[in-house]
Amino acid sequence: MFLGVLGGLGLLFAVTLAAWLGFRLSSVEVKSALAYFQQGHPESEESDDAIFAASFNPPHLGHILMLRAIAARHPKGQIYAAIGINKKKKYSVSPEERQMILNRCFQKDPALKNCKAVIVDGFIWRFGQHLADAKSQNATSIKLYRGIRTWGKDGPDERKLHLQNLLGPLLLSGRQPPLTRYITAPDPLGTGWDTSLGDAAVLASVSSSAVREKIKAGESIQGLVPVEAEKTIVQLYSPRL
């Protein structure tokens with residue numbers, strides 16, 4: 001009988017967990033970058049801190065657009081451009097050098113005045129927990145943003161990562177996970193794009209790997225990376241690719 005009770009409780013827990021995961025995965029917010037500049041946002045979120053995680057290898061204009069969008073939503077919060085360290089990968093340019101490039105860009109751009117580049121060795125969600133603890137807040141007050149091209153292209157892989165970010169905090173720390181949101185690149189064929197934010201076609205297709213390939217081939221990366229970082233990126237990456 002005792003084993004039967006335990007089995008019943010285990011089944012109840014599994015069903016409840018599956019339902020909760022299904023809800024979090026299906027209700028995740030996916031919005032275009034343009035919406036962040038056009039729509040108003042809840043005043044209660046203005047002071048929330050946020051994390052935008054990427055390798056930034058190297059930083060490009062797509063990264064900058066996403067960070068501007070996040071900064072517009074959280075004008076009174078601190079935005080962390082989190083450079084994740086994957087020990088299974090070898091990078092030609094160190095995390096510290098990429099951090100330097102990003103922070104120089106933030107210093108030059110008034111729209112990114114509340115952004116800061118940090119290096120995160122370990123789970124991004126755990127970094128979010130540390131931020132929440134420092135402010136004596138719940139982990140859900142920290143918003144974790146991911147930039148994607150479209151949900152159709154990147155959704156399946158991102159859903160796997162999102163699942164890890166949901167289960168990790170629960171199973172490894174017994175705490176609620178941060179709230180994940182997705183920002184999609186602009187649609188080059190869409191309407192209403194503000195050209196002052198950049199070339200929609202470029203922003204929809206630019207990637208760090210494409211930038212590295214151009215540098216390796218000796219081609220110009222003008223228009224793909226921030227103007228203030230172009231020279232430094234070429235100097236750092238060119239001899240190492």
Side-chain angles (χ1 to χ4, degrees), residues 32-33 51-71 79-109 111-112 115-124 127 145-158 160-161 164 182-189 193 195-241:
S32 71
I51 304 169
F52 178 57
S55 64
F56 301 103
N57 185 37
H60 54 66
L61 287 179
H63 292 138
I64 297 301
L65 173 69
M66 300 296 176
L67 285 163
R68 284 176 177 166
I70 298 167
I79 314 303
Y80 295 91
I83 304 169
I85 297 178
N86 186 339
K87 294 180 179 178
K88 295 180 180 179
K89 291 185 178 181
K90 294 188 71 175
Y91 296 103
S92 54
V93 173
S94 71
E96 291 77 15
E97 289 169 316
R98 284 175 270 150
Q99 180 185 36
M100 174 268 294
I101 294 171
L102 280 167
N103 282 328
R104 282 185 182 177
C105 291
F106 300 159
Q107 292 169 3
K108 298 283 186 179
D109 190 337
L112 300 175
C115 293
K116 177 182 180 181
V118 294
I119 299 169
V120 178
D121 185 1
F123 297 118
I124 299 297
F127 173 65
Y145 286 89
R146 296 284 298 172
I148 58 176
R149 291 166 294 179
T150 66
W151 191 249
K153 288 182 179 179
D154 300 325
D157 288 335
E158 286 295 331
K160 294 175 187 175
L161 182 60
Q164 293 175 20
Y182 292 97
I183 308 178
T184 61
D187 180 359
L189 302 179
W193 178 249
T195 55
S196 68
L197 297 172
D199 186 321
V202 171
L203 293 170
S205 61
V206 65
S207 68
S208 292
S209 58
V211 173
R212 292 197 305 272
E213 286 301 315
K214 281 188 170 291
I215 295 173
K216 186 176 181 179
E219 299 175 9
S220 172
I221 57 170
Q222 185 177 8
L224 300 178
V225 300
V227 174
E228 57 270 21
E230 182 180 343
K231 184 177 179 181
T232 302
I233 290 173
V234 172
Q235 287 176 339
L236 286 173
Y237 280 85
S238 185
R240 307 182 194 182
L241 294 175

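In this text, all values refer to a predicted model and were calculated from it rather than measured experimentally. All values below come from the heavy atoms of this structure, side chains included, with hydrogens, waters and symmetry mates left out. The first residue of the sequence shown is numbered 1, and numbering continues consecutively from there.
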To the nearest 0.5 angstrom, please state how far the CG atom of D199 sits from the CG atom of L65.
11.5 Å
Examine distances only and state if a side-chain atom of Y182 and a backbone atom of E158 form a donor-acceptor pair shorter than 3.5 Å.
yes
Just so I know, are the side chains of I101 and L236 near enough to count as touching, which here means a heavy-atom distance under 4.5 Å?
yes
Can you tell me how far OG of S238 sits from CZ of R212, rounded to the nearest 0.5 angstrom?
14.0 Å
Considering all heavy atoms of both residues, which atom of S208 and which atom of P58 are nearest to each other, and what is their separation?
OG-O, 2.8 Å
pair K160-D157: side-chain heavy atoms closer than 4.5 Å
yes
Heavy atoms from other residues, nucleotides or ligands near CD of E96 exceed 12 (cutoff 6.0 Å)
yes
Does R68 use its side chain to pair, donor to acceptor, with the backbone of A111 at less than 3.5 Å?
no
Would you compute the distance between atom CD of E228 and atom CD of E230 and round it to the nearest 0.5 angstrom?
10.0 Å
CD/Q107 to SG/C115 distance, rounded to the nearest 0.5 angstrom?
12.0 Å
Validation row: R98, S55 side chains within 4.5 angstrom (heavy atoms):
yes
Output for pair (I85 CD1, Y91 OH), nearest 0.5 Å, gives 9.0 Å
Any idea which heavy atoms bring H63 and A54 closest together, and the distance?
NE2-CB, 4.1 Å
Please determine which of T232, I221, N57 meets the side-chain contact (heavy atoms from CB on, under 4.5 Å) test together with Y237.
N57
Heavy-atom closest pair, residues L112 and L67
CD2-C, 3.7 Å
Verdict with supporting geometry, R146 and D154, salt bridge (charged side-chain N to carboxylate O under 4.0 Å, His left out):
CA-CA 11 Å; R146 296 284 298 172; D154 300 325; over 6 Å; no
For L241 and S92 the tightest heavy-atom approach is CD2-OG, 3.8 Å
Where L203 and A185 come nearest, the two heavy atoms and their spacing
O-CB, 3.9 Å
Report the relative orientation of the aromatic rings in F52 and F56; use parallel for angles under 30°, tilted for 30 to 60°, perpendicular for over 60°.
perpendicular
Student check: side-chain heavy atoms of D187 and S32 closer than 4.5 Å
no
Flag side-chain contact, heavy atom, 4.5 Å: T184 against I148:
yes
Nearest-0.5 Å distance that lies between atom CD1 in I64 and atom CZ in F106:
5.5 Å
For the residue pair I83 and L102, establish whether any side-chain heavy-atom pair is separated by less than 4.5 Å.
yes
Minimum heavy-atom separation for A69 to I183, with atom names?
CB-CD1, 4.4 Å
